[in-house]
**Student:** 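Below is one structure. I have some questions about it.
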Number of protein chains: 2
Amino acid sequence: MNPPKLARVIDIRALKSACSNCSLREMCLPIGLSQDEMDKLDQMVYTRKRVKRGDSVYRSEEKFGSLYAIRSGFFKTTLVMEDGRDQVTGFHMAGDMLGMDGIGSDQHSCNAVALEDSEVCVIPYGRLEELSREMYVLQQHFHKVMSREIVREHGVMLLLGSMRAEERLAAFLLNLSQRFTSRGYSASEFNLRMTREEIGSYLGLKLETVSRTFSKFQEDGLIGVQQKNIRILDSEGLKSVLGRDPA
Amino acid sequence: MNPPKLARVIDIRALKSACSNCSLREMCLPIGLSQDEMDKLDQMVYTRKRVKRGDSVYRSEEKFGSLYAIRSGFFKTTLVMEDGRDQVTGFHMAGDMLGMDGIGSDQHSCNAVALEDSEVCVIPYGRLEELSREMYVLQQHFHKVMSREIVREHGVMLLLGSMRAEERLAAFLLNLSQRFTSRGYSASEFNLRMTREEIGSYLGLKLETVSRTFSKFQEDGLIGVQQKNIRILDSEGLKSVLGRDPA
DNA sequence: CGGAAATGTTGATGTGGATCAAACCAATTC
DNA sequence: GAATTGGTTTGATCCACATCAACATTTCCG
């Protein structure tokens, strides 16, 4: 018999699956929860799901049932038009929430595709509703998450509607950098998980334009580009691209 | 003494201000409420506010406190960049909800400006939170409203990111027509409340392009345009502009 | 009412980014 | 390690929409 060893195994599994011990807690969950509340929340997420690169968590038209908190990995969400054109509507990383598009019509309205092997926490929507009726902080947090998604999309509209190619790409890089930073990664060096074409789709540009603009930024000493590896060499310079005259 | 007259006066006021008697009820509120629930809701909205053409319900950076249900009139929401460029992020009409952008950061992130003399119902956000913890249908409804706003913005991203000028304007007109229809107005004739410039801003086009494209649609017999008055003559034709080859 | 300011239309011309095309490069696969 | 594949870069050319400009129409307001 070897009870200590067995106990240890169980501990590790509990540790692994509990929201209360998740390193992304402060992204997904409200802060300042009591132990009691935390316990309840741990029950909310009872499934995790691995999603391989290229696979999707959900697809447009599919029945909506759950939200998905990204535990690890990287996703894009896309809309597809009848004629095949498609539009990337967002890039999503650990701590982000996917699936809120489905609530309004009870079916999803976009595809959520993994750009690398990823893992999501499945949050049954009915359960979330229930708990957020009981827990004020959860309700509040969830509303904030949805609201921020609305604001994020406002920003994209501004970008698509009013900015020139260089501005769009600069804004894109700064936004990525900021999001990596807030997750504890380097602000100045990261790997893109998406192709030039996907960036282009998101920014309303063609992939050639994205590529050319990367090269231009490189020539100007703003960034270093080597395929998917990006180093931000002059973030102030990048910021000043925003709102600069076409010069 | 004249009690009947007095009673009548009170009745009219109650009638006027109650959600339960509002003709837009089915847009703002969940359906299938009990009398008891309806009574509670009537207490939620205890202020209305007139907003004159050109005035705003709230402005960017302002502290967030309430949502606003449009009772009558027409609004635009806009973002302004430091350099003055501004982007219209939406047009909003009776039954629509304004202000959800403010929840996430506790301050508004856009301006909501009346395009004609309008009236909004002020919904104190704290009260909405409270009530939606008590009433499942209200919670559900509110979440749907937010989710639909996210989906609407997805649609705008598709439009801005992947469509050509004619497609954008056709989509815009069809969307307006559909929204007027669902409010009981004519699908085929309506007055634009916004300028060509505002349409252009929303669609990521210059006002001249909007004007030219209107003229083109008119030549093609798709619509009749007379300043702000629009008649849709061939809605199928308009639909077929979407996703058609640049031809 | 009348004159000024907004708003809208239309034409002529310019240009940023799209399109077309050809290499190039890195990662698999056999 | 040659061949294939998916992605990226770069050049040459084109075009949809922007810009500039002149004028028409409507709205505003003293």
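If you're wondering where the values come from, they're calculated on a predicted model, not measured in any experiment. Reckoned from all heavy atoms, side chains included, excluding hydrogens, waters and symmetry mates. All chains are named by letter (A, B, ...) in the order of the sequence lines, taking the proteins before the strands, and each is independently numbered beginning at 1.
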**Student:** Measure across A/Phe91 and A/Asp96 and return the closest heavy-atom pair with its distance rounded to 0.1 Å.
**Tutor:** O-OD2, 4.3 Å

**Student:** Would you kindly give the CD1-to-P distance between A/Ile230 and D/dT8, to the nearest whole Å?
**Tutor:** 10 Å

**Student:** Choosing from C/dA12, D/dC17, C/dT19, which nucleotide comes nearest the side chain of B/Arg212?
**Tutor:** C/dA12

**Student:** When you measure from the side-chain N and O atoms of A/Arg196 to the phosphate of D/dT8, is any distance below 4.0 Å, counting only OP1 and OP2?
**Tutor:** yes

**Student:** Taking the basic N atoms (NZ, or NE/NH1/NH2) and the acidic carboxylate oxygens, is any pair closer than 4.0 Å for B/Glu167 and B/Arg164?
**Tutor:** yes

**Student:** Within this structure, what is the CG-to-C1' distance between A/Leu160 and C/dG17, rounded to whole angstrom?
**Tutor:** 14 Å

**Student:** For B/Leu207, which contact category applies under a 4.0 Å heavy-atom criterion: base, sugar-phosphate, or nothing?
**Tutor:** base

**Student:** Return the value, rounded to whole Å, for the distance between atom CD of B/Glu219 and atom P of C/dT9.
**Tutor:** 12 Å

**Student:** In whole angstrom, give the distance that lies between atom CG of B/Leu205 and atom C1' of D/dT19.
**Tutor:** 14 Å

**Student:** Counting side-chain heavy atoms from CB outward, which of D/dG7, D/dC17, C/dG17 is closest to A/Arg164?
**Tutor:** C/dG17

**Student:** Side chain of B/Arg53: nearest nucleotide among D/dC28, C/dA18, C/dC20?
**Tutor:** D/dC28

**Student:** For A/Gly200, report the nucleic acid contact type (base, sugar-phosphate, nothing); a contact means any heavy atom under 4.0 Å.
**Tutor:** nothing

**Student:** To the nearest Å, give me how far apart NZ (A/Lys216) and C1' (C/dG17) are.
**Tutor:** 14 Å

**Student:** Classify B/Lys228 by what it touches in the nucleic acid, base, sugar-phosphate, or nothing, heavy-atom distance under 4.0 Å.
**Tutor:** sugar-phosphate

**Student:** Just how far, in rounded Å, is P of C/dT7 from CZ of B/Arg193?
**Tutor:** 17 Å

**Student:** Looking for any heavy atom pair under 4.0 Å, which part of the strands does A/Ser211 touch: base, sugar-phosphate only, or nothing?
**Tutor:** base

**Student:** Would you mind telling me which of C/dG17, C/dT10, C/dC20 lies closest to the side-chain atoms of B/Ser215?
**Tutor:** C/dT10

**Student:** Look at the side chain of B/Gln227 and decide which nucleotide, out of C/dG17, D/dT26, D/dT10, has an atom nearest to it.
**Tutor:** D/dT26

